[in-house]
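A, B, ... follow the sequence lines: proteins, then strands. Residue 1 opens every chain.
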Amino acid sequence: MANKLETISPDHAHRHVLSILVENQYGVLSRIAGMFATRGFNIDSLTVSATEDSTMSRMTIAVHGDSSVISQLQRQLDKFAEVIVIEKFTERQAHISRELMLVKVRHKPTSRTDLLQIASIFKAKSVDMTPSTITFEIVGKENKLSNFLTVLQEESTIIETARSGVVALTRGKSGLRESFLGEVVNQ
Amino acid sequence: MSTATDTSHLIITPAGDQSVGHPLAGHMMSGADMVIQTLVDSGVDTIFGYSGGAILPAFDAIYRYNQTHQETPLRLVVPANEQGAGFMAAGYARATGRPGVFMVTSGPGATNAVTPIRDCMADSVPCVLICGQVPRAAMGTDAFQEAPVYNIMSSCAKHTFLVLDPQELEATIRTAFRIATTGRPGPVVIDIPKDVQNWTGTFRGEGILHLRGYEKRWGRLRASRVSEDKQRSFFDILNRSQRPLLYVGGGVVHSEASDALRRFSHTFGIPGVTTLMGIGAFDTKDPHCMHMLGMHGTAYANYSVEDCDYLIAVGARFDDRVAGKVSAFAPNAREVAHIDLDAAEIGKVKAVTWSHVGDAGRCLEDLTKYGLKTGFAKNFDHWQAHCADLRATHKLDWDRESDRIQPHHVITELNRITRGEAIVTTGVGQHQMWSAQYFDFTEPRTWLTSGSMGTMGFGVPAGMGAAIAHPDKTVVVVDGDGSIRMNLGELETLVTYGANNVKVLLLNNYGDGMVRQWQRLMFGQRFSGSDKTQHSCKFVNAAKAYGFTFSEQLAHKECLVDTLQRFIDHDSPAFLEVLIDPDALVMPMVGPGKGYSEMVVGDWIQPRNSTVSNELDGKTKADLF
Ligand SMILES: Cc1ncc(C[n+]2csc(CCOP(=O)(O)OP(=O)(O)O)c2C)c(N)n1
Ligand SMILES: [Mg+2]
């Protein structure tokens with residue numbers, strides 16, 4: 001899906017991760033996902049989950065686009081009544097981002113040990129096994145996950161994968177919710 | 001995501017003196033009664049509504065409310081079709097700035113309401129729609145008259161609620177009004193299952209749902225001022241400019257910034273053009289008003305856009321009817337300023353050199369104050385004279401000698417009677433554009449038209465809504481034969497509810513004139529599906545059948561002035577069908593995707609051979625263009 005906006009200012013498309021706290025209201029996920037589709041933004045992954053505060057959920061969106069696309073996206077998100085606060089993680093800003101992947105591979109009996117060795121280098125766990133297959137669980141940044149897949153492919157056949165999508169938090173002592181609510185109190 | 005269990009934490013109950021609470025706080029009530037009470041508390045005086053199974057409890061609550069409030073009843077206006085109810089609410093809202101309210105049943109009632117909801121969204125009109133829904137237990141079972149209202153509406157409206165927890169019902173209604181009327185206004189839909197309406201609980205009389213981020217962003221926007229630095233840079237640019245031009249959109253009308261705009265324009269002597277939605281923001285009789293720009297803008301407006309060197313957009317969004325070819329839009333504008341409440345509009349289409357996100361009126365007032373304080377006194381006399389010359393030389397005109405009745409002539413004569421003081425609503429098509437071009441509008445909120453969506457059928461119901469909002473003003477509905485058919489049944493609603501100030505002018509050209517115009521210019525005169533000479537409706541008989549006591553057809557030019565006068569003077573809803581020249585065109589025309597230099601002006605408007613060239617520097621005398 002090409003985004004029209006990309007034609008306006010063709011600087012380079014980058015990967016961006018947005019973390020969004022939303023009011024825990026009916027249908028917020030479908031509304032926001034609908035906006036992405038309608039306006040033609042390219043999402044790589046989208047995760048939603050409950051938070052430590054039962055009135056809020058957190059969405060993490062990984063998206064590709066140049067800076068004008070991302071700022072247009074942020075402005076469109078700002079218009080949702082349910083959106084509480086948006087944080088954009090840039091490469092420069094210290095943050096932790098992780099993704100979980102389950103991957104099931106089929107292998108020759110002779111390559112099992114090799115596979116387990118590869119897994120231990122990547123700190124992946126084997127969570128299920130049959131005589132001809134292994135299922136690994138791996139957590140890490142996206143490129144670690146893809147590197148793992150590349151190496152696995154040399155020793156085995158990938159049967160299927162499931163990925164959680166990216167989740168992320170800033171490093172340091174502050175939190176998005178606290179700093180938002182703190183600002184509200186100080187106003 | 002949230003479930004129906006324990007969501008009461010979502011309600012903020014304002015802390016405060018309990019003694020000043022709602023007089024009914026603590027009373028047991030049905031959900032439907034809470035809906036009606038909260039609507040009344042929100043200032044609603046009229047509901048446009050059509051009943052049905054899933055909304056019966058709410059209609060019953062209106063009936064009972066009115067039994068106990070005979071002095072101050074809620075007015076209930078029942079249309080012929082839910083789409084009509086929506087456009088009535090929209091007409092009410094557009095004419096007043098207050099949210100219009102409409103109420104429909106589930107399934108077909110709700111789907112009939114989609115078009116007006118999208119129309120309100122596209123033109124930033126505040127309204128609240130209450131939809132009945134099948135009972136919670138039946139939802140998702142393909143029950144009788146079940147439709148996925150949340151899904152359908154949430155991609156069309158500013159916001160959509162589905163009330164699953166009756167404890168949240170009254171807070172949801174209050175929140176809906178808050179969302180509809182704050183920020184960039186828009187439609188809010190509340191879907192209420194029938195069993196939630198029938199539930200009984202304790203009325204609180206206060207409370208609103210959490211909108212923490214929204215409220216904060218809105219608070220920031222509302223408070224946003226133009227910084228000293230930015231005010232200075234605005235005037236630096238203005239000082240370097242020789243030919244500044246305001247480009248005024250619907251945002252100025254929505255934010256009640258019309259006075260501030262007029263003051264700004266007059267203080268510094270800056271002329272302006274308006275978009276279709278911005279008409280009325282400027283007094284069209286004001287010498288600084290260059291009228292409408294764009295695809296069917298006046299030639300002089302479009303020439304002034306070509307000539308300006310500093311374009312100041314206020315509450316406008318460079319849409320494709322204005323800037324069909326963005327790269328060729330305002331080609332001599334070295335600087336573009338953009339003032340808008342919606343940050344997402346800044347830079348969306350056109351790169352700008354100065355911008356402010358915030359309330360247009362406040363921004364213009366700040367700028368005016370700054371300019372006065374710093375004694376800004378640059379003289380734009382040459383530019384003003386140039387604009388005046390454009391207005392005189394390239395004025396709108398038509399075939400005045402023709403024996404056939406020209407629509408431009410009809411509106412010009414009607415305008416002589418209404419003097420720019422009537423509220424005008426329209427359908428969509430040629431008649432809409434002629435109305436935009438040939439009527440005067442001295443005040444905002446008097447020109448009500450479906451701009452961004454361009455929905456045929458808007459005119460009659462919107463006129464009904466406006467008539468209720470302003471019973472003291474003349475409301476002229478200018479409609480086309482195609483458009484009026486879409487909601488013809490609403491003619492009856494005008495009569496039923498005694499909308500005596502509404503005058504329906506049908507410009508009948510026996511077809512979809514605007515479609516024919518495009519077919520004439522772009523499809524080799526193949527009038528596929530747009531000719532209606534074989535259609536059988538006798539509109540005058542139809543209006544009579546609906547109860548109009550004035551229903552006439554005008555076919556001869558000589559009778560025009562006299563007939564129009566009797567039509568406007570009639571003391572109840574009046575209907576006048578004018579048989580206009582079916583070949584009349586809307587001119588000028590900037591073809592889709594074209595720049596203004598490719599504007600076609602037709603046979604009766606004076607064209608200009610060349611526009612100002614890029615070489616002109618600021619010192620060139622404006623009257624040389
Ligand atoms: C609901 C809807 N359907 C179709 C169109 C496309 N359309 C735009 S103008 C037009 C013709 C309108 O005919 P009429 O109301 O007679 O106006 P005229 O142009 O003849 O003045 C049509 C079909 C539309 N704008 N809205
Ligand atoms: Mg017609």
Please state whether the side chain, the backbone, both or neither of A:T38 comes within less than 4.5 Å of a heavy atom of chain B.
neither
Regarding B:T160 and A:R31, is there a side-chain donor-to-acceptor distance under 3.5 Å anywhere?
no
Counting only non-hydrogen atoms closer than 4.5 Å, does B:S155 touch chain A with its backbone (N, CA, C, O), its side chain (CB onward), both, or neither?
neither
Take atom NZ of A:K104 as the centre, draw a 6.0 Å sphere, and report whether it contains more than 12 heavy atoms from other residues, nucleotides or ligands.
no
Validation row: B:R212, A:M56 side chains within 4.5 angstrom (heavy atoms):
yes
With a 4.5 Å limit on heavy-atom distance, are the side chains of B:K216 and A:V85 in contact?
no
Write down the atom of A:Y26, the atom of B:Y150, and the distance for their closest heavy-atom approach.
O-OH, 3.0 Å
Could you walk me through whether B:I346 and A:R75 pass side-chain contact (heavy atoms from CB on, under 4.5 Å), step by step?
CA-CA 10 Å; B:I346 310 265; A:R75 289 166 173 189; 4.1 Å; yes
In B:R184, B:K158, B:H159, B:R217, the residue satisfying side chain to side chain contact (heavy atoms under 4.5 Å, CB included) with A:K79 is B:R184
Quick check: closest heavy atoms across A:Q25 and B:L211, and the distance to 0.1 Å?
NE2-CD2, 4.4 Å
Count the heavy atoms belonging to other residues, nucleotides or ligands that lie under 6.0 Å from CZ of B:R222, then report whether that count exceeds 12.
yes
Heavy-atom contacts under 4.5 Å, residues 336-344 of chain B to chain A:
B:D342, B:A343, B:A344
For B:N151 versus A:S30, what's the shortest heavy-atom pair and its separation?
OD1-OG, 4.2 Å
So A:V83 and B:Y214, do their side chains get closer than 4.5 Å, heavy atoms only?
no
Around B:D142, counting heavy atoms of other residues, nucleotides and ligands shown, do more than 12 lie under 6.0 Å from its CG?
no
